[in-house]
Structures are given as structure tokens and as C-alpha cells.
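What follows is a set of notes on a single structure, which appears directly below.
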Amino acid sequence: LAKTTQPISMDSYEGQEVNITCSHNNIATNDYITWYQQFPSQGPRFIIQGYKTKVTNEVASLFIPADRKSSTLSLPRVSLSDTAVYYCLVDDGRNFNKFYFGSGTKLNVKP
Amino acid sequence: SQTIHQWPATLVQPVGSPLSLECTVEGTSNPNLYWYRQAAGRGLQLLFYSVGIGQISSEVPQNLSASRPQDRQFILSSKKLLLSDSGFYLCAGSRANLNTEAFFGQGTRLTVV
């Protein structure tokens with residue numbers, strides 16, 4: 001199981017683009033990269049998943065370089081409501097989809 | 001879409017009392033189910049997971065147990081609560097196929113006093 005490393009916290013201001021990078025140097029060939037968002041006193045919520053290059057949905061973009069040893073979650077024009085903890089997970093799903101969450105990145109969006 | 005129903009939202013229990021937290025799943029059949037615990041300001045710790053009725057795997061030795069009596073029902077239990085069992089408990093599910101995402105309930109805030 002590939003270990004992930006993320007910054008503990010980040011600060012941003014409303015309207016800015018925020019990029020959160022996750023390192024996963026031991027990522028395996030079959031591993032996918034998934035990001036979740038968690039608000040206080042709520043369960044995490046799926047944001048985006050990718051395998052390589054770039055994935056975009058209505059919420060975020062996920063950039064994965066060719067070596068796949070890192071990934072960057074990009075949140076365009078953040079608002080105060082984007083203040084949350086963001087988790088990066090790497091797993092190939094073979095281990096019965098056991099989801100291991102690290103400490104995540106606490107994003108604090110300021111007005 | 002898949003939904004996890006989890007209750008109660010908050011619970012205060014005395015030390016030594018039993019515990020039973022239940023969650024149910026809607027919107028998918030034969031899901032994988034999970035119980036997590038989250039201490040204040042920390043990440044999620046996987047406690048138990050289940051791939052089917054009666055099939056429970058424990059990740060961490062502890063004062064808790066889990067059961068899955070029905071396909072869409074997952075129960076977390078304790079015979080005697082400890083102070084250290086306090087935390088935010090989350091039930092989660094996923095479809096039983098590869099590279100799928102997890103969906104979570106709203107959680108139960110347990111305080112053991």
C-alpha cells in the first residue's frame with residue numbers, strides 16, 4: 001500500500017486558486033489516486049479520482065505527472081465554504097477497497 | 001446514488017456501559033462496509049470492514065466489535081465502554097468493485113464519561 005504525504009495545513013484567500021500536492025513515491029502500477037473533502041463533524045466526501053495526466057469535474061481538477069509519484073488537487077476560485085480537510089488516498093482496490101485516510105491537509109480560506 | 005444512514009448523531013455514555021451503533025445502506029447491493037473512528041483533529045482510523053454478511057475483518061485490536069447481520073446493515077458494539085472509546089464514529093460503504101470511492105454517513109459523536 002503506497003504511503004501518501006501531504007502538507008498539514010494551507011491558508012488561502014477567497015477567489016484564489018488553491019493547489020494541494022500529495023506525494024506517493026511508492027505508487028504501484030495499478031494504483032488510482034482519490035481525493036476526499038471533510039467538513040467538521042461530517043463524513044468525508046469524494047471529490048475526484050484519477051490514474052494519470054489530468055482529470056477535471058465540476059468541483060476540482062487533478063493533475064498527475066507522468067511518473068505518478070505525486071498528484072495535485074486544484075480548487076479554482078475557492079470560497080469560505082471550501083475550508084475543510086482534504087485527503088489524498090492511493091489504492092488499487094485489490095485489498096477489498098480498504099480506504100486508509102492519513103491526516104490530510106487542513107485548508108483555511110480567509111475572507 | 002448510495003446513501004449511508006447512521007444514528008444517533010450524538011451519544012453520551014458512562015464508562016462500563018454497552019454500545020450499539022447501527023448503520024444501514026441504500027442504493028447499492030452487496031456493498032463493502034466500514035467503521036472508522038476519528039479523534040479530534042486527527043485522521044480517520046479504519047476499525048472494521050466487511051465484504052459480506054457475517055464477514056468481519058478487524059484492523060485494530062480494541063474494545064469494540066462489529067457485526068453484519070444483513071447485507072445492508074452494519075453494527076458497531078462494545079460490551080463495556082472505556083474513556084478512550086470516545087470519538088467520532090463513521091460508517092462508510094463502497095461498491096464491491098475495483099477503484100470505487102467510499103461514501104460516508106454523517107457520523108456519531110460518542111462521549112464516554
Indicate the atoms forming the closest heavy-atom contact of A:Phe46 with B:Glu101, along with that distance. CD1-CB, 3.2 Å
Give a yes or no on whether [X] and [Y] share a hydrophobic cluster (residues Ile, Leu, Val, Met, Phe, Trp, Tyr; joining criterion: side-chain heavy atoms under 4.5 Å apart).
{"X": "A:Val78", "Y": "A:Trp35", "result": "yes"}
{"X": "B:Leu46", "Y": "B:Leu110", "result": "no"}
{"X": "B:Ile56", "Y": "B:Leu19", "result": "yes"}

Tell me, for A:Tyr36 versus chain B, whether the close heavy atoms (under 4.5 Å) come from the side chain, the backbone, both or neither. side chain
Segment of [X] engaging chain A (4.5 angstrom heavy-atom cut-off):
{"X": "B:Phe88", "value": "side chain"}
{"X": "B:Gln38", "value": "side chain"}
{"X": "B:Leu44", "value": "both"}

Run the side-chain donor-acceptor check on residues 8-17 of chain B: report pairs under 3.5 Å with partners two or more places apart or on a different chain.
{"residue": "B:Gln13", "atom": "NE2", "partner": "B:Ser17", "partner atom": "OG", "Å": "3.4"}
{"residue": "B:Gln13", "atom": "NE2", "partner": "B:Pro18", "partner atom": "O", "Å": "3.0"}
{"residue": "B:Ser17", "atom": "OG", "partner": "B:Pro14", "partner atom": "O", "Å": "2.6"}

May I ask you to name which of B:Gly105, B:Gly43, B:Ser57 has the most heavy-atom pairs under 4.5 Å with chain A? B:Gly43
Within the 6.0 Å centroid threshold, strictly below: B:Tyr34 and A:Tyr100: no
Measuring centre to centre across the rings, with the benzene-like ring taken for any Trp, is A:Phe99 within less than 6.0 Å of B:Tyr36? no
Does the ring-ring contact (aromatic ring centres under 6.0 Å, His included) test come out yes or no for A:Tyr87 and B:Phe104, once each step is laid out? CA-CA 14 Å; A:Tyr87 298 95; B:Phe104 284 80; 9.0 Å; no
Start with the C-alpha gap between A:Gln42 and B:Leu90, add the side-chain angles, then the distance that decides, and say whether side chain to side chain contact (heavy atoms under 4.5 Å, CB included) holds. CA-CA 9 Å; A:Gln42 294 187 27; B:Leu90 287 157; over 6 Å; no
Counting neighbours of OH on A:Tyr51 that are heavy atoms of other residues, nucleotides or ligands and sit closer than 6.0 Å, is the number greater than 12? yes
Is it the case that more than 12 heavy atoms not belonging to B:Leu83 sit under 6.0 Å from its CG atom? yes
To the nearest 0.5 Å, how far apart are OG in A:Ser41 and CZ in B:Arg109? 4.5 Å
Would you mind telling me which of A:Pro44, A:Gly104, A:Pro40 has the largest number of heavy-atom pairs within less than 4.5 Å of chain B? A:Pro44
Could you pull out all residues at least two apart from B:Glu59 that satisfy salt bridge (Lys or Arg N to Asp or Glu O under 4.0 Å)? A:Lys98
